[in-house]
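Reviewing the structure listed below.
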Amino acid sequence: MGQQTLPGFRDFYPEEMAARRHLDAAWHAAAAAAGFREIDGPVLESLELFTKKSGDEIVGQLYSFEDKGRRPVALRPEMTPTLARMVAARAGALPKPVKWYSVQRFFRYERPQRGRFREFFQWNVDVVGAPEPAADVDAIAVAVDGLRRLGLGPQDLAVRINDRRFVHELLRGIDVGPEQEAQVLGLIDKLGRDPKAPERLAELLGDRRAGELSGWCENLPLDRAPALGELLEIADESGLRGYLEPDFRIVRGLAYYTGPVWEIFARGASLRSIAGGGRYDGLIATLGGPDLPALGFGMGDAVLTELLAERGLLPDGAPVLDAYVIPVAPEMLASARDVARRLREGGARVDLPYGPVKPRRGLKDANRAGARHAVLVGPDEWADRSVRIRDLTSGSERLVGVDELGASDVLAS
RNA sequence: GUGGGUGUAGCUCAGUUGGUUAGAGCGCCGGAUUGUGGUUCCGGAAGUCGGGGGUUCAAAUCCCCUCACUCACCCCA
């Protein structure tokens, strides 16, 4: 075997590209339908932009290097820092709320595994300048709508949601101090997956407090979380009934989340989460911008593609043509090219062979190219300024005049 | 970074206790008398058996090393 892709990088053959475009289309449509506008930024950024948000530890997970001007740079691992900069630069001029989205390529230097690559595509949707819980619901609804457009409904998906403020409050109630909090949050996050997590929580907090905590995981005391209750009510009004499941185990990795946090999972599948998001009110200020409330989510292509493939919801990626033009005799090649041009100018997707072919072969190639119609250009018909259009599904043929070929409905049948 | 699994044709795989020239299906290319396809039939190309070393009269097969891929852990912005 010769050269292959770097580990965690993928070639997209037409079939895979069709699948990717399928996701893209749903993502763009869902974001646009809710009034989000598309943005983008550079793939390469200064390393500092990322370390400022996440600390120096993440350098190990970045594609970073020095450029020829000796600047430390990195391929972007996420969109949020870029978004924050863009907002900060024009914060005064932007009407609030700012509703932006992007569908872009990201890079993380991690060991590739199921549902995780080093180069991946991610849909990011963010709202800046809106403190209301309706904004959180807006983002969740867009994520759910994107997935709905891909054929996934409430029977397939669960949006598990929690609220960081609520978690802080409960932890404070059992005397978990700030110095312990990060560690405890990490263990809570693991409760669903790691069988050793309850044990370690008990070691850290003692049986009584650990027991109380796991009780919240069994049954989240919503009466003590008014903000989350309000959000759930708005979600109901927004058509998200059946999706949202309050879950104390959803806390999400890093420190900067300040309010609702949520992740979307596939029901009955052992996949990692499809999407995750939350409110990060302090982050834009941390990154040097104005103090604006913000929230958003990211949804990657890797896990989602895996899920859609499992459920048979991906397009097969077979080629599609409206017509394949066949010169019935070698001297008809020039005429065939003229016919193809007329059809293409009429808006049809049309292909034809580069040289003479036997009709038998032409029909075979038409099928293989996914053509709905074969257009046979033969000397007898051409003498009458017409061609034979054959419907490849039904096998029926009809004669069509050359001058009609540019009409948009000529291949309609 | 740690641990497990797998490497044979473009793809999915078979290959017996080590034994002649390593196979199948799909795909690809060509063909089955004149201007009509999908099915079928015939033919063909295609493999340093991941790489290196060792044991043996003989290695795809046994042993060692190495590389790649993959799954999980760590991490998940």
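Sequence lines set the chain letters: A, B, ... in the order given, protein chains first and strands last, and positions in each chain run from 1. We use all heavy atoms of the structure for the numbers below, so side chains are in, but hydrogens, waters and symmetry mates are not.
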task: Using Watson-Crick or G-U wobble geometry with both distances below 3.5 Å, tell me the partner of G5(B), or none.
output: C69(B)

message: From OH of Tyr280(A) over to P of C76(B), roughly how many Å is that when rounded to an integer?
response: 18 Å

query: For Asn367(A) and U36(B), what is the distance between atoms CG and P respectively, to the nearest whole Å?
result: 15 Å

- request: Kindly say if Lys358(A) contacts the phosphate of G31(B), meaning a side-chain N or O under 4.0 Å from OP1 or OP2.
  value: no

message: Classify Pro77(A) by what it touches in the nucleic acid, base, sugar-phosphate, or nothing, heavy-atom distance under 4.0 Å.
response: base

message: Applying a 4.0 Å non-hydrogen cut-off, can you work out what Pro379(A) is touching in the nucleic acid: base, sugar-phosphate, or nothing?
response: base

- prompt: Between Glu110(A) (CD) and C73(B) (P), how many Å, whole number?
  reply: 13 Å

- prompt: Roughly, in whole Å, what's the span from CZ in Arg114(A) to P in C73(B)?
  reply: 12 Å

query: Which part of the nucleic acid does Gly60(A) contact within heavy-atom distance under 4.0 Å: base, sugar-phosphate only, or nothing?
result: nothing

query: Taking for each residue the nucleotide of RNA chain B with the nearest heavy atom, is it Ser394(A) or Phe117(A) whose nucleotide lies nearer the 5' end?
result: Ser394(A)

field: Presence of salt bridge, Asp40(A) and Arg76(A), under 4.0 angstrom
entry: yes

task: Just name whichever nucleotide pairs with U16(B), Watson-Crick or G-U, keeping both distances under 3.5 Å, else none.
output: none

message: Under 3.5 Å for both donor-acceptor distances, Watson-Crick or wobble: does C49(B) have a partner, and if so which one?
response: none

- prompt: Below 4.0 angstrom, N of the basic side chain to O of the carboxylate: do Glu345(A) and Arg341(A) qualify?
  reply: yes

task: For U8(B) versus A14(B), give the span between their C1' atoms, rounded off to a whole number of Å.
output: 10 Å

field: U36(B) base / Arg360(A) side chain donor-acceptor hit below 3.5 Å
entry: no

Integer-rounded Å distance: C11(B) P and Glu15(A) CD: 14 Å

- prompt: Nearest of C74(B), U36(B), C69(B) to any side-chain atom of Lys190(A)?
  reply: C74(B)

message: For the P atoms, the ones on G31(B) and on G15(B), what distance do you get once it is rounded to whole angstrom?
response: 37 Å

message: Under 3.5 Å for both donor-acceptor distances, Watson-Crick or wobble: does C29(B) have a partner, and if so which one?
response: G43(B)

query: Please give, in whole Å, the distance from U36(B) P to Tyr324(A) OH?
result: 17 Å

message: Measuring only the P atom in each nucleotide, how far is C63(B) from U56(B)? A whole number of Å is fine.
response: 16 Å

- request: Could you tell me whether Arg165(A) and Asp281(A) make a salt bridge, using a distance below 4.0 angstrom between a side-chain N and a carboxylate O?
  value: no

With sequence neighbours excluded, residues passing side chain to side chain contact (heavy atoms under 4.5 Å, CB included) with Glu119(A): Phe9(A), Arg105(A), Phe107(A)

- prompt: Do NZ/NE/NH1/NH2 and the carboxylate oxygens of Glu110(A) and Arg116(A) come within less than 4.0 Å?
  reply: yes

message: On the nucleotide C28(B), are OP1 or OP2 found under 4.0 Å from the side-chain N or O atoms that Arg368(A) carries?
response: yes

query: Between the side-chain atoms of Gln113(A) and the base atoms of U70(B), is any donor-acceptor pair under 3.5 Å?
result: no

task: Could you let me know what A22(B) is paired to, Watson-Crick or G-U wobble, both distances under 3.5 Å, or none if it's on its own?
output: none

query: What distance, rounded to whole Å, do you find between the two P atoms, one in A24(B) and one in U36(B)?
result: 34 Å

message: Ring-plane angle category for Trp27(A) and Trp123(A), please: parallel below 30°, perpendicular beyond 60°, tilted otherwise.
response: parallel

query: Are Asp136(A) and Arg279(A) close enough for a salt bridge, meaning some N to O gap below 4.0 Å?
result: yes

query: On a whole-Å scale, what distance lies between the C1' atoms belonging to U55(B) and C73(B)?
result: 38 Å

- request: Using the C1' atom on both, measure C76(B) against G1(B) and round to a whole Å.
  value: 16 Å

message: What is the distance, to the nearest angstrom, from the CZ atom on Arg252(A) to the C1' atom on A77(B)?
response: 8 Å

message: Base, sugar-phosphate or nothing for Ile326(A)? Non-hydrogen atoms, less than 4.0 Å.
response: nothing

- prompt: Under the 3.5 Å rule, do the base of C71(B) and the side chain of Arg111(A) count as making a donor-acceptor pair?
  reply: no

field: Spacing between Ile58(A) atom CD1 and A77(B) atom P, to the nearest angstrom
entry: 12 Å

query: Are any of the side-chain nitrogens in Arg160(A) or Glu245(A) under 4.0 Å away from the carboxylate oxygens of its partner?
result: no

task: Go through residues 380-387 of chain A and report each residue with a non-hydrogen atom lying under 4.0 Å from RNA chain B, sorted by number.
output: Asp380(A), Glu381(A)

Spacing of the C1' atoms in A58(B) and U20(B) (rounded, Å): 11 Å

message: I'd like to know if Arg342(A) pairs up with Asp403(A) as an ion pair, taking the criterion as any Lys NZ or Arg NE/NH1/NH2 lying under 4.0 Å from an Asp or Glu carboxylate oxygen.
response: yes

- request: Could you measure between the two P atoms, the one in A46(B) and the one in G10(B), and give it in whole Å?
  value: 11 Å

- prompt: Are a donor atom and an acceptor atom from the side chains of Asp126(A) and Tyr280(A) found within less than 3.5 Å of each other?
  reply: yes

- request: State whether Arg361(A) places a side-chain N or O below 4.0 Å from either non-bridging phosphate oxygen (OP1 or OP2) of G30(B).
  value: yes

task: With a 3.5 angstrom cut-off on both distances, give the Watson-Crick or G-U wobble partner of G35(B), or none if there isn't one.
output: none

